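Worth saying up front: this structure is predicted, and the values here are computed from it rather than measured. Chain A is the first sequence line, chain B the second, and so forth, proteins listed ahead of strands; every chain is numbered from 1.
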Protein chains: 2
Amino acid sequence: MHAFKQPECNSCGSRVSTCLIELGTNQVAEISQQKHSQLFTRNSYVFAEGQYPRGIYCIHKGHVKISKMGADGREHIISFAGTGNIVGYATLLAAEKYNVSCIAVQDSSICLIPSEIFFRNVRENPSMALHVMHDISQELRTTSQRIVELTHKPIRERVAEALLIIKEAFGLDADGVTLRSPLTREEIASIVGTAPESVIRTLSEFKSENLITTNGRTIQLVNMRALVSIANIRD
Amino acid sequence: MHAFKQPECNSCGSRVSTCLIELGTNQVAEISQQKHSQLFTRNSYVFAEGQYPRGIYCIHKGHVKISKMGADGREHIISFAGTGNIVGYATLLAAEKYNVSCIAVQDSSICLIPSEIFFRNVRENPSMALHVMHDISQELRTTSQRIVELTHKPIRERVAEALLIIKEAFGLDADGVTLRSPLTREEIASIVGTAPESVIRTLSEFKSENLITTNGRTIQLVNMRALVSIANIRD
DNA sequence: AGTAAAATCTGACAAATGTCAGTATCAAGA
DNA sequence: TCTTGATACTGACATTTGTCAGATTTTACT
């Protein structure tokens, strides 16, 4: 977690995929000046459960997980966010303490936009307000979706789905099959909501059915069609 | 689902607990005129998965469940809403089809506020916009919370928690112990994310431990302290 | 490159939960 | 009020998943 050369919001490719695209030149310049950019190494906290929010976090480059500790002390990963996403809306807007943590899963550079300037722009710019509402609403929809999947699907389906979620969040290598993911088996288990052993066993099944191959920690999705079908997704 | 005498928003006790409290007299009058009020009988749909939203729904009186069908055809109840709550924000704001259904669990009178007038007020009134964001954010937070609870807690804890959720949503009779809930055991199972038999078994356990009593479908919470402790809630 | 710590993987077993079948009870509607 | 279909409940059993122990491999760091 180090300070470093601050990026310019004006020319930032990440800004244009967020609600900040709704702002005028002056507002962007002001945010660019007031933001705090930091480098987060893998596994370092961007924010943690129980802390009070100080603003929203715009991911300039990298990936984070949004996760939460269960009563039993085990982690559950609720979602991922990457380059061009903003995290931390909900807690700031609800005016509460974080009930989730945000942790870098890769070395990432992330900008904190302070509350005060965020709220001012939301108040003054209805398009930005609507953009924020749109984004939170999407999050709520996918989170609701996930509740049903986690409670009503067997582990095999959930592991297949986790692979697809990882593919969405991190993408594939140039070969078109290798997951660009730094996640451990334990982290995959935290997506699925199960024990690491169960994930490993299911991945072994998939290997023996020639749906995936593995090479150490990395996974190749060699039969996407079948995985999608196993994941049993509708919508 | 019948039309009936339309309530007046101006004097409506439900309005003041929603984002509509942020509006001026003229705007309230306009909404009062443009809304459509309906009576929904138990188990009738306010809206259904797959439909396109036509506005937001303000619950004038009654209770609804927000639920979703799993791939296996079983229902999962995500949340409840009652008198003075508004439902349907997220889908409208995300500009998508409903991915959940809203079903009356009691005879309820509910007002539809059309999209057009909702969006106009959100655009023109920053306080209302922020109020809406606040409400959605709260929903997102409780939904995230629920993911962790559903995946990492054993059934006994989840059933205890479901009883507390029902108490929050429906309240207690004058005796201070009887749940004012029309829910069947199957619906409770849909909150917990399990089979009805498992719920019944757990309730029988609770009975034999003198934590609850039952009388047909109704349940009395005679030892709240113990139930809270079993539910194992933090935050 | 070498080493220590961490992560992956396998098997055996235990525990939790789901499923099925059947009976008893309740509640909504004629 | 009566009746009938739905709901609640119980027990036995199958299945899934979690847990524990231990061997192997990989990764991270010096």
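- Rounded to an integer number of Å, the gap from CD1 of A:I200 to C1' of C:dG11 is 13 Å.
- When all heavy atoms of A:V87 and A:A81 are compared, the closest pair comes out as CG1-CB, 3.5 Å.
- Here the two rings, on B:F80 and B:H63, have centers that are 6.0 Å apart or farther.
- Chain B approaches DNA chain D over the interval D:dT7 to D:dA12, counting the first and last nucleotide 5' to 3' with an atom under 4.0 Å from its heavy atoms.
- Proximity of residues 180-189 of chain B to DNA chain D (heavy atom under 4.0 angstrom from any strand atom) is restricted to B:T184, B:R185, B:E186.
- A:N43 places its CG atom 13 Å from the C1' atom of C:dA7, with the value rounded to the nearest Å.
- One finds the CD1 atom of A:I230 at 5.0 Å from the CG atom of A:L211 (value rounded to the nearest 0.5 Å).
- For B:D175 (side chain) and B:V177 (main-chain N/O), a donor-acceptor pair under 3.5 Å exists by modelled atom type.
- Note on B:E149 versus B:R158: no salt bridge recorded, every NZ/NE/NH1/NH2 to OD/OE distance being 4.0 Å or above.
- Atoms CD1 and CE, from A:I212 and A:M224 in turn, are 12.5 Å apart once rounded to the nearest 0.5 Å.
- The OH atom of B:Y52 sits 8.5 Å away from the CD atom of B:E96 when rounded to the nearest 0.5 Å.
- Put simply, the side chain of B:E75 never gets that close to the backbone of B:S67: no donor and acceptor are under 3.5 Å apart.
- For A:F47, the ring-ring contact (aromatic ring centres under 6.0 Å, His included) partners are A:Y57, A:Y98, not counting sequence neighbours.
- Contact between B:G70 and A:V148 at its shortest, heavy atoms only, is CA-CG1, 3.5 Å.
- For the pair A:L150 and B:L150, the minimum side-chain heavy-atom distance is 4.5 Å or more.
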*Starting at the 5' end of nucleotides 13-30 of chain C, put B wherever the base has a protein heavy atom under 4.0 Å, S where only the sugar-phosphate does, and a dash everywhere else.*
----SSBB------S---

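- Minimum heavy-atom separation, A:N210 to A:V222: O-CG2, 3.3 Å.
- Side chains of A:S37 and A:S109 form no contact here, defined as non-hydrogen atoms less than 4.5 Å apart.
- Of all non-hydrogen atoms in A:K153 and A:A231, the two that sit nearest each other are NZ-O, 2.7 Å.
- At distances below 3.5 Å, at least one donor-acceptor pair connects side-chain atoms of B:E187 with backbone N or O atoms of B:T184.
- Where the helix from C:dA1-D:dT30 to C:dA30-D:dT1 starts and where it ends, the local axes point in directions that differ by 70°; five pairs per end, rounded to 10°.
- Contacts between residues 160-168 of chain B and DNA chain D, defined by a heavy-atom separation under 4.0 Å, are absent.
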